[in-house]
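Beneath this line is the structure, given in structure tokens, with notes to follow.
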2 protein chains.
Amino acid sequence: MKNKIPTERRTNALSKARIVEAAIEILDREGEDALTFRALAARLSTGSGAIYWHVADKNDLLATATDHVIARVTTNAVRGSTPQEVIRTMALGVFDAIHAHPWVGGQLSRNPWQYAVVRLLEGVGGQVQALGVPEHAQFNAVTALMSFILGLAGQYAAGARLFPPDMDRAAFRKTFLETVAARWSRLDPTEHPFVRQLSKVLPEHDDREQFLAGIDLILAGMESIR
Amino acid sequence: MKNKIPTERRTNALSKARIVEAAIEILDREGEDALTFRALAARLSTGSGAIYWHVADKNDLLATATDHVIARVTTNAVRGSTPQEVIRTMALGVFDAIHAHPWVGGQLSRNPWQYAVVRLLEGVGGQVQALGVPEHAQFNAVTALMSFILGLAGQYAAGARLFPPDMDRAAFRKTFLETVAARWSRLDPTEHPFVRQLSKVLPEHDDREQFLAGIDLILAGMESIR
DNA sequence: ACCTGAACACCGTTCAAGT
DNA sequence: ACCTGAACACCGTTCAAGT
């Protein structure tokens, strides 16, 4: 009896799954700009053209990678007693996913028609329905929630693009926010009174808490409409 | 007496203002991708390197162009009886500006630290203050509003990137939304019941109305917090 | 001080040629 | 069917050289 595994496959064979996996590694470790077809091909020890046999183009590659990350969020967020709770955990799931993979933020906000967004739409939408929002208002309520999430995703990604991926992120964030706050505090007081005041709170604020506060604000608005 | 104008200047002299103006024309007429330093130099009949004497880099160029557009919005939105009204007109001003200059949407959402965003932050922030939102909640309220606006800006820009700039936009939008709706309606009913239902409303919806509904939802949430 | 334009160091994508 | 890698048509940015 030979020990030949029936579904034998060459470990080195290229496939969309393997390509996407390698792409995610590059994105996570070296940042958005580091993902090029040349770098990807080198890591997979193949030619850059070979990738096009499995993937339509760079957009396809990024959309598939993003969906891979977001799929985990929507499937994990099923827990929660009330619809509000589910929405919160799902939103925080997106937030944490973007924290772990900042490039996901850029990709989500740049391409709202990709499947990852449909996943989120469905997840949020079901809960909004369960919340008792009247049918004619559901579309606007869900897209409002989605725009907020995608907007914050974009801002978060913008922050991640600013610093070299090998740096300590928390430390960089702190000094960066302090720099912005200092710039804001030097603005003309009559023209920018509010932003000057914001500059005092800016360096201390917690992104995650701020995000959740936004979600709660929109949920409160939906409550008052119902 | 010689008729020599004291502040005589060569009409052809390069300046940041002239460069930005030309850049905006290219962006509006031919889309985001058409703005290259080569195209810009050709239009100004100069060398591509000359632009760098007046502008730091492409990001500086885009940020300045964006600020140029947004400045008009914030200065024009001072009217309105209630703070809510001012916020609404300002938000719609942003919406209309992005409609007229889709590239502004991408630029705003991609770079939240540029001066144009500070302008909006100040404009919105002053009104949120006037609304009587307690000071500790102002930061979260304003950034929620801003994330929503920037999120929708990004989505709008994504839509604009999809079609060639020389096409009829309204017609393209219609057929595009119909295509998406058709795709959504073919999704698995047990996995995507909500999105399938959305697909019925999608092609008919009014972007501007949807945007305003989101603003009102957040305003209602702020109301309930006060 | 301001401008020129060739040169540099990249991109994504294509495609003839291989196995 | 799948892969190779040179070639194509671009980019943003730099910089020696001009005026």
Side-chain angles (χ1 to χ4, degrees), chain A residues 7-27 29-66 103 106-107 110-111 114 158 161-162 164-165, chain B residues 7-27 29-66 103 106-107 110-111 114 158 161-162 164-165:
Chain A
T7 55
E8 170 183 354
R9 55 184 70 199
R10 295 145 57 206
T11 354
N12 284 341
L14 227 45
S15 69
K16 184 156 183 176
R18 271 197 69 220
I19 292 171
V20 169
E21 191 191 351
I24 291 180
E25 273 175 38
I26 293 178
L27 288 163
R29 284 225 268 270
E30 300 165 64
E32 261 185 280
D33 292 344
L35 182 68
T36 66
F37 277 77
R38 275 166 249 259
L40 192 54
R43 168 178 279 258
L44 294 163
S45 39
T46 182
S48 59
I51 298 168
Y52 282 90
W53 189 263
H54 302 273
V55 149
D57 51 23
K58 196 170 184 183
N59 195 50
D60 179 24
L61 179 61
L62 281 167
T64 312
T66 302
W103 51 273
Q107 181 58 23
R110 213 175 304 123
N111 187 356
Q114 63 189 316
R161 261 194 308 274
L162 290 172
Chain B
T7 56
E8 170 181 353
R9 54 185 70 200
R10 294 145 57 206
T11 353
N12 284 340
L14 226 46
S15 70
K16 186 157 183 177
R18 271 197 68 219
I19 292 171
V20 169
E21 189 192 351
I24 292 179
E25 274 176 37
I26 293 176
L27 288 162
R29 286 225 269 269
E30 299 165 65
E32 261 184 281
D33 292 344
L35 181 67
T36 67
F37 276 78
R38 275 167 249 261
L40 192 54
R43 168 177 280 259
L44 293 163
S45 38
T46 181
S48 61
I51 297 167
Y52 283 89
W53 189 263
H54 302 274
V55 150
D57 51 24
K58 195 170 184 182
N59 195 51
D60 178 25
L61 179 61
L62 282 167
T64 312
T66 302
W103 52 274
Q107 181 59 22
R110 212 176 304 123
N111 185 356
Q114 62 190 316
R161 259 195 307 277
L162 290 172

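Chain letters run A, B, ... following the sequence lines, proteins first and then strands; every chain starts at 1.
- Rounded to an integer number of Å, the gap from NZ of K58(A) to C1' of dC11(D) is 13 Å.
- A donor-acceptor pair under 3.5 Å is absent between the side-chain atoms of Q107(A) and the main chain of A65(A), judged by distance alone.
- Phosphate proximity of dA1(D) to H54(A): absent, as no side-chain N or O sits under 4.0 Å from OP1 or OP2.
- Distance, L40(A) CG to dC3(D) P: 13 Å, rounded to whole Å.
- One atom, CG of D60(B), and another, P of dG12(D), lie 14 Å apart when rounded to the nearest Å.
- In this entry the distance linking CD1 of I19(B) with C1' of dC3(C) reads 11 Å, nearest Å.
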Taking N or O atoms only and anything under 3.5 Å, show me the protein contacts with nucleotides 8-10 of chain C, one pair per line.
none

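- Atom-to-atom, CD1 of I26(A) to P of dC11(C) comes out at 11 Å; the value is rounded to the nearest Å.
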Going 5' to 3' along nucleotides 14-19 of chain D, which nucleotides have protein heavy atoms under 4.0 Å from the base (write B), which only from the sugar-phosphate (write S), and which from neither (write -)?
BB----
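- Using a 4.0 Å heavy-atom cutoff across all strands shown, L61(A) reaches no nucleic acid atom at all.
- Between T64(B) and I19(B), the closest side-chain pair of non-hydrogen atoms is not below 4.5 Å.
- dG5(D) atom P lies 13 Å from atom CD1 of I51(A), rounded to whole Å.
- Of the possible donor and acceptor atoms, one in the side chain of R18(B) sits under 3.5 Å from a partner among the backbone N and O of A13(B).
- Contact check on R110(B) versus E32(B) returns a salt bridge, with a Lys/Arg side-chain nitrogen under 4.0 Å from an Asp/Glu carboxylate oxygen.
- Side-chain contact between N111(A) and T66(A) is absent, with no heavy atoms from C-beta onward closer than 4.5 Å.
- Here W53(B) does not reach the OP1 or OP2 of dC3(C): none of its side-chain N or O atoms lies under 4.0 Å away.
- Rounded to a whole Å, the CG atom of D57(B) is 5 Å from the P atom of dT13(D).
- Residue L35(A) is classed as a sugar-phosphate contact, given heavy-atom separations below 4.0 Å to backbone atoms only.
- For the pair F37(B) CZ and dT13(D) P, the interatomic distance rounds to 5 Å; values are reported in whole Å.
- For DNA chain D, the stems formed by at least three consecutive Watson-Crick or G-U pairs, with both atom-pair distances below 3.5 Å, span C:4-8 with D:12-16, C:12-16 with D:4-8.
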